[in-house]
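For reference, the structure discussed in these notes is given below.
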Amino acid sequence: MINEPERICSWQHAWFLDNWVRRAIHNPDRIIGKYIEKGQTVLDLGCGPGMFSLAMAKMVGEDGTVISVDIQEEMLHILRRKSEDSGLKSQIHLHKSGSDGIGVREKANFALAFYMVHEVPDKAGFLNEVATLIKPLGRFLIVEPKLHVSKSSFEETVEIAQSTGLILISRPKILFSRAVLLQKNSG
Ligand SMILES: C[S@@+](CC[C@H](N)C(=O)[O-])C[C@H]1O[C@@H](n2cnc3c(N)ncnc32)[C@H](O)[C@@H]1O
């Protein structure tokens with residue numbers, strides 16, 4: 001079962017995830033700017049209303065691609081409108097996850113799962129699929145909210161992620177969060 005509505009942050013709270021206060025606390029340039037280069041393909045898993053997708057679209061530029069994935073069609077509608085309004089539509093490819101997995105085909109240089117892994121019931125299935133979507137030497141940043149995710153629960157997620165073959169690189173410091181940066185081996 002992947003879609004358990006009570007576990008998922010409803011699209012009706014989208015405003016809470018993308019506003020000037022959040023952009024100041026979780027500034028995308030500061031948190032992920034160092035991992036992304038022009039022309040790359042990046043994955044925003046559980047993109048929500050797209051604060052990170054929009055910032056990553058600017059980072060990858062016109063020759064790059066952001067694949068923004070969400071399980072809620074409404075979140076993707078909100079992001080579609082924002083990407084049109086900000087002239088970033090061509091870089092942002094919207095993708096609705098299925099009940100049986102993510103279902104993306106392209107591989108990415110960088111993947112982000114910001115405040116979403118705790119909403120996924122089958123973490124092992126999800127993280128195994130993410131690992132297949134990352135290019136050799138590509139990186140994967142998982143960020144979880146301290147408020148909802150205990151240290152032990154986060155460590156379980158880190159262990160599962162490492163069991164997919166991803167290598168733990170660092171534990172970035174992000175306000176109110178627990179975070180881990182992983183990397184795919186050179187293949
Ligand atoms: C708390 S929001 C975070 C949104 C965004 N990453 C951010 O930090 O602003 C979590 C998002 O993950 C999405 N989500 C939850 N489970 C998912 C799954 N299995 N596949 C794709 N998206 C999922 C939810 O619909 C929601 O939009």
Side-chain angles (χ1 to χ4, degrees), residues 1-33 35-36 42-59 66-83 86 88 92-106 108 110-134 139-149 153-154 157 160-161 164 172 174-181:
M1 272 287 290
I2 205 156
N3 196 357
E4 289 178 69
E6 71 277 8
R7 293 177 68 103
I8 290 174
C9 174
S10 165
W11 64 273
Q12 283 149 319
H13 302 305
W15 61 272
F16 186 69
L17 294 165
D18 188 11
N19 57 63
W20 69 270
V21 177
R22 174 101 196 283
R23 280 192 292 277
I25 295 172
H26 290 152
N27 182 283
D29 291 332
R30 199 175 59 232
I31 295 174
I32 52 173
Y35 308 128
I36 296 172
V42 303
L43 258 176
D44 187 5
L45 300 157
C47 61
M51 181 181 82
F52 287 98
S53 287
L54 293 160
M56 290 197 284
K58 289 183 191 153
M59 292 172 200
V66 179
I67 305 166
S68 301
V69 176
D70 208 283
I71 203 161
Q72 294 181 81
E73 193 77 56
E74 295 89 346
M75 288 293 199
L76 297 173
H77 281 316
I78 294 169
L79 177 52
R80 177 178 295 118
R81 200 192 61 238
K82 288 185 189 176
S83 68
S86 51
L88 295 165
I92 298 182
H93 299 188
L94 304 171
H95 177 91
K96 185 173 181 307
S97 298
S99 54
D100 52 349
I102 303 167
V104 165
R105 296 231 175 107
E106 299 93 323
F110 175 75
L112 175 70
F114 207 109
Y115 282 20
M116 69 83 65
V117 174
H118 64 283
E119 295 187 5
V120 179
D122 177 12
K123 291 182 183 44
F126 175 77
L127 292 169
N128 270 294
E129 187 175 358
V130 174
T132 68
L133 297 175
I134 299 175
R139 284 178 285 189
F140 177 30
L141 180 65
I142 302 175
V143 186
E144 290 282 72
K146 273 190 180 162
L147 191 64
H148 300 306
V149 179
S153 168
F154 184 69
T157 295
I160 298 172
T164 69
I174 298 173
L175 218 53
F176 306 126
S177 307
R178 306 185 195 281
V180 65
L181 180 69

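Because the structure is predicted, anything quoted here is derived from the model rather than measured. When reading the values below, keep in mind they use all heavy atoms of this one structure, side chains included, and skip hydrogens, waters and symmetry mates. Both counts, for ligands and for their atoms, begin at 1 and track the order of listing.
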Where's the contact between [X] and ligand 1, heavy-atom distance under 4.0 Å: side chain, backbone, both or neither?
{"X": "D70", "answer": "both"}
{"X": "A113", "answer": "neither"}
{"X": "I71", "answer": "both"}

Q.
With a 6.0 Å cut-off (strictly less than), is the heavy-atom count around CZ of R30, excluding the residue itself, greater than 12?
A. yes
Q) More than 12 heavy atoms of other residues, nucleotides or ligands under 6.0 Å from NZ of K82: is that the case? A) yes
Q) So is F114 polar-close to ligand 1, meaning N/O to N/O under 3.5 Å? A) yes
Q.
For ligand 1, which is the ligand I care about here, please tell me if D44 has any N or O atom under 3.5 Å from one of the ligand's N or O atoms.
A. no
(Q) Quick test of your reading of the structure: of E144, M51, Q72, R22, whose heavy atom lies closest to atom 9 (O) of ligand 1? (A) R22
Q.
Regarding atom 6 (N) of ligand 1: of the candidates S97, G125, G46, which has the closest heavy atom?
A. G46
Heavy-atom contacts with [X] under 4.0 Å: which atoms of ligand 1 show up? List them by number with element.
{"X": "E119", "answer": "1 (C), 10 (C), 11 (C), 12 (O), 13 (C), 14 (N), 15 (C), 24 (C), 26 (C)"}
{"X": "Y115", "answer": "1 (C), 2 (S), 3 (C), 10 (C)"}
{"X": "V120", "answer": "19 (N)"}
{"X": "G48", "answer": "4 (C), 27 (O)"}
{"X": "I8", "answer": "24 (C), 25 (O)"}
{"X": "M75", "answer": "27 (O)"}

To the nearest 0.5 Å, tell me how far [X] [atom1] sits from [Y] [atom2].
{"X": "L17", "Y": "R23", "atom1": "CG", "atom2": "CZ", "result": "11.5 Å"}
{"X": "M56", "Y": "L43", "atom1": "CE", "atom2": "CG", "result": "8.0 Å"}
{"X": "H95", "Y": "E106", "atom1": "NE2", "atom2": "CD", "result": "9.0 Å"}
{"X": "H118", "Y": "F154", "atom1": "NE2", "atom2": "CZ", "result": "12.0 Å"}
{"X": "C9", "Y": "H148", "atom1": "SG", "atom2": "NE2", "result": "8.0 Å"}

Q) How about F52 and V66: do any of their side-chain heavy atoms sit closer than 4.5 Å? A) no
Q. Hey, what's the ring geometry for F110 with Y35, parallel, tilted or perpendicular (30° and 60° as the breaks)?
A. parallel
